[in-house]
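Worksheet: the structure to be examined is printed underneath.
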Amino acid sequence: MKHERDFSNKVFGIVKEIPKGKVLTYKEVAQRAGNPRAWRAVGNILNKNKDPKIPCHRIIRSDEKVGGYNRGQKQKIALLKKEGVILKNRLN
DNA sequence: CGTATGACGTGCA
DNA sequence: GTGCACGCCATAC
C-alpha cells in the first residue's frame with residue numbers, strides 16, 4: 001500500500017466533518033485520527049496544509065483557548081464567535 | 001537519513 | 001491563578 005499518511009488524512013476528514021457551532025480540541029482530533037498522542041502533529045499538519053475546504057478554525061486547545069490560525073487568530077475568533085463558540089481567550 | 005520545528009498538553013514552582 | 005520548562009508526535013528541510 002502507498003504511504004497514505006493516515007494521520008494527516010484522517011485528521012482532515014475529521015475536521016471536515018465538524019458541524020457548525022461545534023469545535024474539537026487538537027487532542028480530540030488526534031485521538032479520532034488514531035493517535036491520541038499526536039495532537040502536536042495535528043496542529044502542524046493543519047498549519048502546513050491550510051486548506052480552505054477544512055474548517056480548521058474549529059480546532060481549539062484543550063484549555064478552551066482559541067489557539068492559532070494561519071489567517072490570523074483574530075479571524076479564527078471571529079468565525080467561532082459567529083458560530084456561538086465560547087472562547088476563553090476572548091469574551092463574546 | 002538526521003535535525004529542527006510547531007496552530008499543543010501537562011506538570012511543577 | 002500565572003508562568004516556565006519538558007515531553008510528545010508527525011512533517012519539512
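Just so we're on the same page: letters track the sequence lines, and every chain starts at 1. What you see below is based on every heavy atom in this structure, not just the backbone, and it leaves out hydrogens, waters and symmetry mates.
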**OP:** Locate the shortest heavy-atom distance separating A:S62 from A:K27; write the atom from each residue and the value.
**Re:** OG-CE, 4.2 Å
Subject >> Under 4.0 Å protein heavy-atom contacts per nucleotide of nucleotides 7-13 of chain C, with B for base, S for backbone only and - for none >> reply: BBBBSS-
**OP:** May I ask you to list the residues of residues 18-30 of chain A, by number, that have any heavy atom positioned under 4.0 Å from an atom of DNA chain B?
**Re:** A:Y26, A:K27
**OP:** Scan residues 42-56 of chain A for pairs that pass side-chain hydrogen bond (donor to acceptor under 3.5 Å, both in side chains), counting only residues two or more places apart or in two chains.
**Re:** A:N47-A:N70
Subject >> Of residues 50-67 of chain A, the positions that come close to DNA chain C - non-hydrogen atoms, cut-off under 4.0 Å >> reply: none
**OP:** Identify the two heavy atoms, one from A:A30 and one from A:A38, that lie closest to each other, and give their separation to 0.1 Å.
**Re:** CB-C, 3.7 Å
Original post:
Which residues, ordered by chain and number, are linked to A:Y69 in its hydrophobic cluster, where ILVMFWY side chains connect at heavy-atom gaps below 4.5 Å, directly or through other members?
Top reply: A:L79
Original post:
Between B:dA7 atom C1' and A:L87 atom CG, what is the distance in whole Å?
Top reply: 14 Å
Subject >> Whole angstrom value for the distance that separates P of B:dG6 from CG of A:N70 >> reply: 13 Å
Subject >> salt bridge (charged side-chain N to carboxylate O under 4.0 Å, His left out) partners for A:E17, two or more places apart >> reply: none
Original post:
Who pairs with A:R58 by side-chain hydrogen bond (donor to acceptor under 3.5 Å, both in side chains), at least two apart in sequence or on another chain?
Top reply: A:E83
Every protein N/O lying under 3.5 Å from an N/O of nucleotides 11-13 of chain B:
none

Original post:
Is A:K76 reaching over with its side chain to a backbone N or O of A:G67, donor-acceptor style, under 3.5 angstrom?
Top reply: no
Subject >> Results of salt bridge (charged side-chain N to carboxylate O under 4.0 Å, His left out) for A:D63 - residues two or more places apart only >> reply: A:R61
Original post:
Is there side-chain contact between A:L87 and A:K81, with at least one heavy-atom pair below 4.5 Å?
Top reply: no
Original post:
Apart from A:I54 itself, which Ile, Leu, Val, Met, Phe, Trp or Tyr residues share its cluster (side-chain heavy atoms under 4.5 Å, direct or through members)?
Top reply: A:F7, A:V11, A:F12, A:I14, A:V15, A:I18, A:L24, A:Y26, A:V29, A:W39, A:V42, A:I45, A:L46, A:I59
Subject >> A:I60 side, atom CD1; A:E28 side, atom CD - distance, nearest 0.5 Å >> reply: 10.5 Å
